[in-house]
Amino acid sequence: MTDVQQTATGAGARPVDPIAQAVQPRRRRRPRTRNLWANVVPSVVILAIVIAVWEVLVRSLEVRPQVLPPPSRVLEQGWAQRSTILEHAGATLQVTITGFAVSLVVAWIIAVSIDFSPVLRRGVMPLLVASQTIPIIAIAPLMIIWFGFGLLPKMLVVALVTFFPIVVGLVEGFNKTDREVTNLLRSMGGGRVKEFLFVRLPSALPTFFTALRIAITYAVTGAIFAEYVGAQQGLGIYMSVQKNAFRTDLVLAAVLVTAVLSICLYLLTFAIERLVIPWSFKERKARSAK
Amino acid sequence: MTDVQQTATGAGARPVDPIAQAVQPRRRRRPRTRNLWANVVPSVVILAIVIAVWEVLVRSLEVRPQVLPPPSRVLEQGWAQRSTILEHAGATLQVTITGFAVSLVVAWIIAVSIDFSPVLRRGVMPLLVASQTIPIIAIAPLMIIWFGFGLLPKMLVVALVTFFPIVVGLVEGFNKTDREVTNLLRSMGGGRVKEFLFVRLPSALPTFFTALRIAITYAVTGAIFAEYVGAQQGLGIYMSVQKNAFRTDLVLAAVLVTAVLSICLYLLTFAIERLVIPWSFKERKARSAK
Amino acid sequence: ACSSDSGSESSAGTTGGSSGSSQPESPTTVRFALDWTPNTNHTGLYVAINKGYFADAGIDVEILPYNNSSPEVLIDAGQAEFGIGFQNQSAVPMAAGADLQSVLAVEQTWTTAISVLASRDDIQSPADLDGLVYGGFGTPAEETTMKAVIQDAGGTGEFESVILGTTAYEALYSGDVDFTVPFIAWEGIEAEHRGVELKNFNYVDYGFPDNYAVIVVGNTTWMQDNPEVAKGFVQAMARGYEDAIADPAGAAAILQEENADVLTDLDFLVESQTMLSEQFMLDDQGQFGRQTQEQWDALGAFLFDSGLLVDADGDPLTEAPDWSQYFTNDYLEG
Amino acid sequence: MPDDVAAGTPRIRLDHLFREFELGGGERRQVIDDISFSVRPGEFVSVIGPSGCGKSTMFNIIAGLETPTSGDVLIDGAVANGEREHTAYMPQKDLLFPWRTIVQNAALGLEVQGTPRKEARRAAAGLFAQFGLKGFEHSFPFELSGGMRQRAALLRTVVQGREILLLDEPFGALDSLTRIEMQTWLQEVWAEHSWTAVLITHDIREAVYLSDRVIVLSARPASVRLDVEVDLPRPRDLSMTTSPEFVRIEEQLIEVLHEESRKAFEAQKALR
Amino acid sequence: MPDDVAAGTPRIRLDHLFREFELGGGERRQVIDDISFSVRPGEFVSVIGPSGCGKSTMFNIIAGLETPTSGDVLIDGAVANGEREHTAYMPQKDLLFPWRTIVQNAALGLEVQGTPRKEARRAAAGLFAQFGLKGFEHSFPFELSGGMRQRAALLRTVVQGREILLLDEPFGALDSLTRIEMQTWLQEVWAEHSWTAVLITHDIREAVYLSDRVIVLSARPASVRLDVEVDLPRPRDLSMTTSPEFVRIEEQLIEVLHEESRKAFEAQKALR
Ligand SMILES: Nc1ncnc2c1ncn2[C@@H]1O[C@H](COP(=O)(O)OP(=O)(O)OP(=O)(O)O)[C@@H](O)[C@H]1O
Ligand SMILES: Nc1ncnc2c1ncn2[C@@H]1O[C@H](COP(=O)(O)OP(=O)(O)OP(=O)(O)O)[C@@H](O)[C@H]1O
Ligand SMILES: Cc1ncc(C[n+]2csc(CCO)c2C)c(N)n1
Ligand SMILES: [Mg+2]
Ligand SMILES: [Mg+2]
C-alpha cells in the first residue's frame, strides 16, 4: 500500500541521498532529540577511543612528532597557530565558494541544455563521464601554466571537481518526470518550456540538493588541491609548507580544520534545502513519522 | 500499474546508476545496435569538433607547445613514447588493482558489520562520512613519510578514495530489504544470518555494482594521485616528470592513457556484473524492451 | 679481479664482472631522494650508476623521483638514506633536530641567484623587489632569505609570495611572478636558450656568506649503523662527480642516456655541465666534495642571527647550534 | 449501437481509428485496429479491455497527444486529430505535485493555459466544497488520504472547463472500500454537471454502475468487441448493483472480457 | 458466534489480545484492543477492516513475529505467543526474489528451514501443475504475469506444510479481472486441501465469496465489530455472488465498514 501511494506521484519520488540515508537508520519512529542523541553518542565514543589509542601509542612508543604527533600536540600547536590557520582557511573558503558558484552556474546551464535537447544529451553526457576519468592532479599544474596562479585556475579546479555530480543530479532529477505527467501537462496545453517550468524543474530540486550535498564535500578538498599546486595562501599551501618544515602536527591541524569546514558546508545545504523546498522537508518528516 | 508492479518486490528494486542512467535515455524502445549507434555518434562528432578546433586554434595562434600542444602532436609524441608510457601505465594499473582489492575487502567487512549492528552503524557511518572530508592531498605525503615509497601507501590512497562509495552502496543495498520481506523470512524460521544470506546479500548486489562502477573511476585517478605524491614508476610520476620537463604534450598523452584505462575498467564492471548477477541484466533488458 | 667487502678500493678500470666470493650475495639497497627532476646537479649520481661504481660497492641505488616532499623530510622519516639538499635549506631542519647530516658538497659555492626578467627596468636592485611577487618552492628558508637580501639592499623586505614549485620559472618568464631563484647553470641557461634574458642578484653581494649550493644529505642514524655502506655510497657518488668534472661532455651524455625520456637537448646539458664543472664544483685546493667548518659556521651564524632557526615546536632557538654536528667529510675520506 | 444521425452530432466520434508504433529495426506494433464509436454530449461511457490492449493509446489520440496512423477523431463533428483544447485528462495515478498545495495543484491546468495565478486559484478554490476538500486548500498532497487525492485530481481536471473528460482508471490505485465511496460520490457530482465523460477501468462493476454505455475492447490490437447500453435509472445507488438487470450486464461483460484476457495471455505466452 | 467447546479445540484462538506500540517520548499507540475469536481446523476466515486499523499487526502476532502486550494466541489449545512454527504467511506484495527462479522462490521457505536445496526444490516443483505454473519453473519472476506471481507466492506459502495459512491481502495488487480469476482458482485448490486459512482483504465481495466466516474489525484500535457466518454451499461459483443470501451478507458488511471507515477518517482529520 505504502509503496503504491509513494510512487503514485511519479514526479515527487524522493531521491536517495547516499550519505544522509546511510547515516540515519531508515525507519525512525523516535522523536528528533532522542534520535540525535542515539546517533551522535556512538560516533563520539568511537572517535574518542581512536584518539585515545593514538595518543597512548604514540607516547608510549615514543614516535617522533615529525613522523606522527599525538593528537594532544596537534590540538595544542594548532591552537597556538590558530590565527595563521584561520587566515589560510579564509582564503580556501573563498576559492571554494567562488569555484562552487561557477560550478553551479555551469552545471545548470549544461543540465538544462541537455534536458531540452536529446541529441545534446547523448552527445555530451558520455563526454562528461569521460571527463571525470581525467586526473585533475595532472591538469591542475597545466591550468596554472594556462591561467596563471590567480583565483581563476583554482576556481576552475573546484568547478571541474564538483560540476559533474550536480549535472548528473539535475539531469536525473529532470528525468524523474514520467511520460504520464508530460502527457497531463501537454493535455492542459503546455509545451516543452511549460513542462520544464511547471514540472521538471521543481521535481528535480530534491535530487539537486542531494547532488549539491555530495558536490560540496568535494569542493573544499578540490580547493585545497588546487592550492597545493600553486597559490599564495590557503590551507593547501599551508599544509605543503608545514610538511616540508617537518611540522606534521600543523599539517594535521590544518586537515582537521578542512574537515570541519567541509562538514559545516555540508550541513549548510540542509538549511538551504529547507528554505528552498520546504514541502520536501515536510513530506519527508510526515513520512518518517508514520 | 507498471509502478506498482515494479516496486511490488521491494527486495528487487533496481538501484539508480547515476552514470549509466545519465548516459542513456530512460525509456528505450529501439534495439541495441541502433541505440548504440545513436548514443555513440553524437559524442564522437562533438569530440571531433573540439579536437579540430583545438588543433586549428593552437596552430594558427602559434601557441608554444610547452603551453598547449596541438592534439596531433600529443598523439604523435605519445606514440613515439608508447613503450615508456605503457610501462608506467602497467605500474599504475598494478597500484589501482591491488588498492581496489584492498578497498573491496575493507568495504565489505565494514558494510557487513554495520548491517549486523545498528549501534556500529550509527557509530561508524558519520565517521566514514567525515573521513571523506579529509583532503587526501594532505594525507598522501604523510603516508609516504609513514610507509615509504613502496606499494603500501599507494594502495592505501586508492583504498581511501574508493572504499566509501562501496560501503555506502552496500549498506544502502542491504537496507533495500523492507520490513515485510524480513517478516516473511522470519515467519519461515530464518534468523538474522539467514535473512542476510537469503535476502539482504543478493538484493544488495545490483546496488553494489553501481557503487563499484563509481568507485572504479576514482581508483585510477587515486592511483595517479598517489604516484604524483611519491613513486618511482607510474603514470603519475611520468606526468609529473614530463611537466617539469615542459613536455605538456607527453603529459596530455599520459592523461589520455589514464582516461582510456579508467573507461576500460568502468566497462569491465558491466561484464562482471553480467557474470555475477545475470538475473539483474535479464530483468533490466526485459523491462526496457517492454 | 677481486675487490674488498665494501668495494671502495676497486679501481676505475673495473670491467664490471666483479663478484668476489667475499662479496654479499645481494647488494644493499640505498634509496636516494631527488630534489627536482633530473638535472646537472645530479650528474655524479647518474655517472656512478652508469659506470657501475655503486655496483662495485655492492650497492643497489633506488632513485626516489622528485615529489612534493622535500628530500630532507623523507630522509628524516627513514624513507630514504640519502638525498640532495642545499646547505642553506637543510640547515633549518637540522637545527630543529632532524636526523640529517651533510656528507658531500656537490657545489662549493652559490649557484643560484635572485632573478628577474632583464627587461624589468623598474628593478635595479633587490630593494626594488618590495611589494612584488615571488615565485617560491615551499621550502622553509626561502622567504627569510629573500627578505634578508632585500633588506640588505635597503628595502623593507615586504613582498608577496606564491608557492608554485616546478611552475615557478614558467611564471617568471610569462611575467606572472616578478622574481624567483633559478640555478644559474640550469634554469639560467635554459632561459637563455629560449630567448629570455634574466638579470641576477647574487647573494654574496648582499651580505650573505657563501653556501654549498648543492649537498648530499644522509640519515645520521642509518649512516652510523651502516658506516661501510655509507662510505661506499658517498665515495662512489664522489667518483661520479669527479668524472663529470674531468669530462663534462661525456658526463652530460651519460646524464641524458640515463634519463632519455626527459632530457633531450644534449647541447644544453653539455653547456650546463661544463659551466658547473669549470666554475662551481671544486674548492680552493682543487678538490671535490669537501666541506669546511668555517663555511658552516659562517652561514649558520647568519641563519641563527636572522632568527630563522626554530626548534621542533616552532620556537626560535636560544643558542646557536654546534654546526660541526651537521656535516662530515668522514664518509668521503675514510 | 446508437445511430449518430438520429441522436444529433456526437460530441466525440472515432472514425476507423488505426494506430501503429514503430519499434525500430523496421518492426511495427499495431495497437489499435479499426476502432469506431461515438459519445453523445453528456453521455458517460466506460471503456474496458485487457491489460495492454491499447486503451491509453486510444485516450492519447482522443486527447490530441498522439495522432492516429489512419482514421479520424471528430469533436462535435469536426476533425480534431492532434487538437488538445477539447479534452481534460485525468490519469490513473493522481499525479498531484508534492511541491504544490492542493489549491495550487487544482489550479495547475488553468495556470498552464495562461490564466493569472490568483484568478486560477480562485476558480479552483470555488469547487473545493463540492469535492469534499473544504479546509484542505493549503495542505500538501501527502497530507491527504488516497480518496481525497483522487478527488483533487478530478477537480484539477474539471476546473479547466473542457467539453470532454477523459478518466484513465481514476480509482485503480484505491482500495475497494474507498473506491466504492468514490464511485458513489462521482456519480453524484456527475449528475449535477453535464460532463461528457469517457472512463477507462478494469472494474466491471464500476463500469456498469457509472456508465450509460460500456465498450469492451479486444486484446491488442484493440478493436471494439462489445458496446452495451446500460439502461438503469439514475440516480443509482449501491443496492442497484444487485438488481437482475445489473447482474445480467455484468455477466455479459465478464464473459467477453475473460475470453479476451485469455487471448492476451496466450499471445504473451507465445512470445516467450 | 461458534462455540469453541462444541466444535472441539479450535486451531487458532485469540484470547483478549491487546497490543500497544511505544512511540518514544513516553507516548504509546494502542493498535489492538481486546480481540478474541477462534478459527476451527479447516475453516476459511476473512478479516476485513478500515485501512491502518491493525490487521497486519494482528497477523504478526498470530505468526509469532510480534508478541501481544497482553492476551494470548492459542494454537490447538496451547499458548503459542511468539512461536513461529505453526503458520505460513503470504504477504500482499508477492515478494518473489528477482534473483531466484520461480522454483527456487517456491522452495525458499523449505530452504530457510534447512531442507537440502535439491529436496526443497523437488518438493516445490511437485505443486507446480496444480498452481498453473507448469513450465515456468526456471523462469524469473519478472517473466510472469501478476496473477502467476501471486500463485507462485501462494505456492511458496503452502509448500512449507504449516498448519495455518495467513494471507495478508494476497490479491490487493491485482486488477479486478485477474483478481476474479485468482479468487475462483483459490477456492478450487482450497477445496482440495484442508488448509486452515485466515485472509485479510479490503474487498468485501472477495471476503464473502471465499470464506466460511467474515470478521469485521473496528477502526484503530482494532476490536471485533462483527463476526458473520457465510452459509453458502460449496463449491461456489461466480453466479452465486448475485444470490440474495450473498447480497444480504455483502450489504451488512458494507454498512458496518463504511461506518468504521468514516470513524477512522474523522480520527485522521482530528489529528491535523
Ligand atoms: N510509444 C510506443 N511505442 C511502442 N509501443 C507502444 C508505445 N506506446 C504504447 N505502446 C504499446 O502499445 C500497447 C498498448 O499500450 P496502452 O498503454 O495503450 O495499453 P492499456 O490498454 O492502456 O494498458 P493498461 O491496461 O496496462 O493501462 C502496449 O503493448 C504498449 O507496449
Ligand atoms: N512498530 C510499530 N510502532 C508504532 N506503530 C506501529 C508499528 N507497527 C504498526 N504501527 C501502527 O499501527 C497501526 C496499524 O498498523 P497495521 O499495519 O497493523 O494496519 P493494517 O490494518 O494492516 O493497515 P492496512 O490496511 O493499511 O494494511 C498503524 O497506525 C501503524 O502506524
Ligand atoms: C635545478 C633545480 N631548479 C630549481 C630547484 C628548486 N629549488 C629548490 S631549493 C632552491 C633554492 C631556493 O631556495 C631551488 C631553486 C631545484 N631544486 N633544482
Ligand atoms: Mg493504460
Ligand atoms: Mg496491513
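Letters go in sequence order (proteins before strands), and every chain restarts at 1. Bear in mind that the values here come from a model prediction, so they are computed numbers and not experimental data.
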Side-chain contact test, heavy atoms from C-beta onward, threshold under 4.5 Å: evaluate it for [X] versus [Y] and give yes or no.
{"X": "B:Ser280", "Y": "E:Trp99", "answer": "no"}
{"X": "E:Pro98", "Y": "B:Glu283", "answer": "yes"}
{"X": "B:Phe198", "Y": "E:Glu111", "answer": "yes"}
{"X": "E:Leu108", "Y": "B:Leu185", "answer": "yes"}

Which atoms of [X] are under 4.5 Å from chain B, going by heavy atoms: the side chain, the backbone, both sets, or neither?
{"X": "E:Glu66", "value": "neither"}
{"X": "E:Asp168", "value": "neither"}
{"X": "E:Glu85", "value": "neither"}

d(B:Leu184 CG, E:Met90 CE) to nearest 0.5 Å is 10.5 Å
So OG of B:Ser187 and NE2 of E:His86: to nearest 0.5 Å the spacing works out to 13.0 Å
One option among B:Lys194, B:Glu195, B:Met188, B:Lys282 has the most heavy-atom pairs under 4.5 Å with chain E, and it is B:Met188
Taking every heavy atom of E:Leu65 against every heavy atom of B:Arg186, the minimum-distance pair comes out as CD2-CB, 3.6 Å
Legend entry - Greater than 12 external heavy atoms within 6.0 Å of E:Arg117's CZ: no
